[in-house]
Q: 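My questions all concern the structure below.
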Amino acid sequence: MKIVDAKGMQCPKPLILTKKALDELSENDTLKVIVDNEISKINICRFLEDQGMQVKCKSIGNIHEILVIKSGLVFEDGVSEESCATDVLKENNYIIAFQKDKLGEGPEYLGKLLIKGFINTLPESTVLPYCMIFINSGIYLALKDSSVIDSLKKLETKGVEIIACGTCLDYFNKIDELGVGKVSNMYEIIEILSNSAKVIYP
Amino acid sequence: MKFDLLKNIENGGCSAKLSAALLKEALQYFPKPDNPNLLVNIDTHDDAGVYKINDEQAIIQTTDFFPPVCSDPYEFGQIAAANALSDVYAMGGEVITALNILMCPADFSVECLREILKGGNDKVIEAGGVIVGGHTLDDKAPKYGLAVTGLVHPHQIITNSSAKPGDILILTKPLGGGVIMAGKKINEIGDTEYRLVLENMKQLNRNASQIMQKYKVKCATDITGYGLLGHALKMAEGSGVSMKIHSQNIPLFDGAYKLIKIGCIPNAAFRNQEFAQKDCRLEKSVAYENKMLLFDAQTSGGLLISAQANNVGKITHDLIHSGYPHTAIIGEVMNKKEYFIHVD
């Protein structure tokens with residue numbers, strides 16, 4: 001697979017790179033194009049579909065990944081996940097990174113009360129984050145016996161990706177007690193943080 | 001220090017136009033004006049409104065303004081003015097007065113402001129009109145244009161809704177200006193090619209309009225933000241006819257085809273494709289590059305003239321010798337068929 005990373009570029013630059021990569025691609029090989037704006041995504045999809053190629057598109061926040069096989073052969077599962085042209089812009093373009101098990105500075109009791117309120121309120125919020133990351137003592141929030149575990153599970157079923165730092169779980173010796181989401185490493189956490197338009201640190 | 005007008009401009013010129021689909025939806029339930037003197041209203045999406053004052057005179061009113069298309073303020077002023085004046089010419093009229101419409105940041109340089117206005121003023125003078133005033137606003141991205149009043153005899157109005165089957169379609173300026181502008185921004189186009197587009201955008205459609213009157217042409221429109229197919233579609237819809245367009249006959253700016261070939265396709269062309277392609281039937285033989293050039297948004301583009309077949313030779317001859325050397329016969333008007341536009 002060939003990858004074109006056109007993040008940070010405006011139309012028509014991402015399309016030029018796509019066209020170039022496609023020309024250099026061998027038949028039946030797959031091309032992945034990554035862009036960070038809706039207009040580029042739509043235009044690249046229109047262009048590829050106009051060439052009779054079938055396009056697959058995945059959007060996480062404002063990051064769009066476009067997959068296409070040269071020569072327009074159908075993907076093996078036969079159905080494209082979502083049609084690019086009709087895809088609506090996802091509003092949940094932010095992530096929340098919890099670096100501790102309380103909210104703000106000040107008395108510990110208050111901080112824990114506040115973080116509980118924060119997370120329990122979140123499922124009712126109109127715009128959900130697309131990912132929540134738990135680092136350092138923040139991992140305590142995602143443990144089985146956490147006071148907000150039900151809310152986190154609810155968020156997870158609503159499609160919010162929940163990620164806990166593996167090193168941190170190890171350090172606190174809580175690796176077996178994670179109650180929600182998945183364990184991840186610093187590499188992935190950096191990827192997610194750097195790809196997001198907005199990161200909230202409560 | 002020379003001020004670069006293009007700094008911070010994403011969509012310059014007519015590419016900044018709101019999508020036709022959105023506008024159509026917004027105006028959907030508007031009550032139709034019921035005034036016998038209003039000879040051309042918004043119904044047919046014509047270039048300008050025309051209002052009869054008496055049996056000899058009707059006024060043409062139009063406005064157009066947009067963000068910079070080029071770095072030089074004087075040239076921007078000229079282009080924006082030529083583009084705004086063009087709607088009067090597309091209706092077959094002559095310009096009488098114009099008002100400046102200008103937006104620029106509060107800390108804009110005085111020289112820059114002066115140059116833009118001078119460019120506009122020079123074009124209005126060239127058009128035989130006069131600037132009578134204007135309005136300015138403090139706004140982050142500069143924008144300039146005119147509100148123009150023209151005059152036409154009520155019997156000589158040229159509309160975009162009077163094409164007749166059997167008419168021949170003439171285009172007076174090349175296409176691909178939008179593509180070249182996009183290519184300039186990413187340094188993929190030579191200076192000579194770029195300059196040619198700028199000069200074309202500055203050129204008034206006045207001579208062409210006078211030639212249309214000489215040969216009693218009844219139907220024309222100017223090619224701007226919706227691209228050739230977008231404007232042709234409005235003309236075909238308004239006239240209740242279909243059109244055949246020969247993509248091989250379309251005059252193109254040097255370098256435009258090459259830019260499209262590498263994927264330098266401006267967003268406006270995709271937007272126009274989105275709104276117009278469903279009403280167009282494109283033969284398989286039409287290359288993708290040619291198709292996208294037919295959708296390319298033009299700023300201060302040429303006139304698309306629907307002329308009676310018996311005059312076509314004389315009209316094109318006159319146009320070619322009056323400053324429009326790229327003039328070409330690009331198609332013909334037919335009885336209404338399944339699609340409004342057929343491209344081969």
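Atom set for the values below is all heavy atoms of this structure, side chains included, hydrogens, waters and symmetry mates excluded. Within every chain, numbering begins at 1; the chains are lettered A, B, ... in the order of the sequence lines, protein sequences first and strands thereafter.
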Q: When rounded to the nearest 0.5 angstrom, what is the spacing between CE in B/Met292 and CG in A/Asp50?
A: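 If we round to the nearest 0.5 Å, B/Met292:CE and A/Asp50:CG are 7.0 Å apart.
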
Q: Crowded around B/Gln248 CD? As in, over 12 foreign heavy atoms under 6.0 Å?
A: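 Counting neighbours around CD of B/Gln248, 12 or fewer heavy atoms of other residues, nucleotides or ligands fall under 6.0 Å, so no.
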
Q: Should we say atom CG of B/Asp254 is surrounded by more than 12 heavy atoms from elsewhere, each under 6.0 Å from it?
A: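 Result for CG/B/Asp254: open.
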
Q: Around atom CD of B/Glu25, are there more than 12 heavy atoms of other residues, nucleotides or ligands at under 6.0 Å?
A: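 At most 12 heavy atoms, drawn from other residues, nucleotides or ligands, come within 6.0 Å of this atom.
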
Q: Rounded to the nearest 0.5 Å, what's the gap from CD1 on B/Ile265 to CD1 on A/Ile16? Could you check?
A: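 One finds 9.0 Å between CD1 of B/Ile265 and CD1 of A/Ile16.
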
Q: Which bit of A/Lys20 comes within less than 4.5 Å of chain B, counting heavy atoms only: side chain, backbone, both or neither?
A: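 Neither part.
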
Q: Does B/Lys258 have more than 12 heavy atoms from other residues, nucleotides or ligands lying within 6.0 Å of its NZ?
A: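 Check fails, neighbour count at 12 or below.
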
Q: Closest approach of A/Pro12 and B/Ala182, non-hydrogen atoms and distance?
A: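 For A/Pro12 and B/Ala182, the tightest heavy-atom pair comes out as CG-CB, 4.4 Å.
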
Q: For A/Arg46 and B/Gln273, which heavy atoms make the closest approach, and how far apart are they?
A: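 Minimum heavy-atom contact is CD-OE1, 4.4 Å.
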
Q: Is it the case that over 12 heavy atoms from other parts of the model lie below 6.0 angstrom from the OH atom of A/Tyr171?
A: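 Open: at most 12 neighbouring heavy atoms sit under 6.0 Å from OH of A/Tyr171.
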
Q: Contact between A/Lys19 and B/Ile262 at the side-chain level, heavy atoms closer than 4.5 Å - yes or no?
A: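 Heavy-atom side-chain distance check fails, nothing below 4.5 Å.
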
Q: Looking at B/Phe270 versus A/Phe47, is the centre-to-centre ring distance below 6.0 Å?
A: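 Judged by ring-centre distance (under 6.0 Å), B/Phe270 and A/Phe47 do not meet the cut-off.
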
Q: Give, for atom CD of B/Glu274 and atom CD1 of A/Ile42, the distance between the pair rounded to the nearest 0.5 Å.
A: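 Between atom CD of B/Glu274 and atom CD1 of A/Ile42 there are 8.0 Å.
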
Q: Quick one, A/Gln10 with B/Lys185, criterion side-chain contact (heavy atoms from CB on, under 4.5 Å). Give me CA distance, side-chain angles, the key distance, then yes/no.
A: CA-CA 11 Å; A/Gln10 295 292 328; B/Lys185 264 200 299 198; over 6 Å; no

Q: Does B/Lys336 have more than 12 heavy atoms from other residues, nucleotides or ligands lying within 6.0 Å of its NZ?
A: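 More than 12 heavy atoms, drawn from other residues, nucleotides or ligands, come within 6.0 Å of this atom.
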
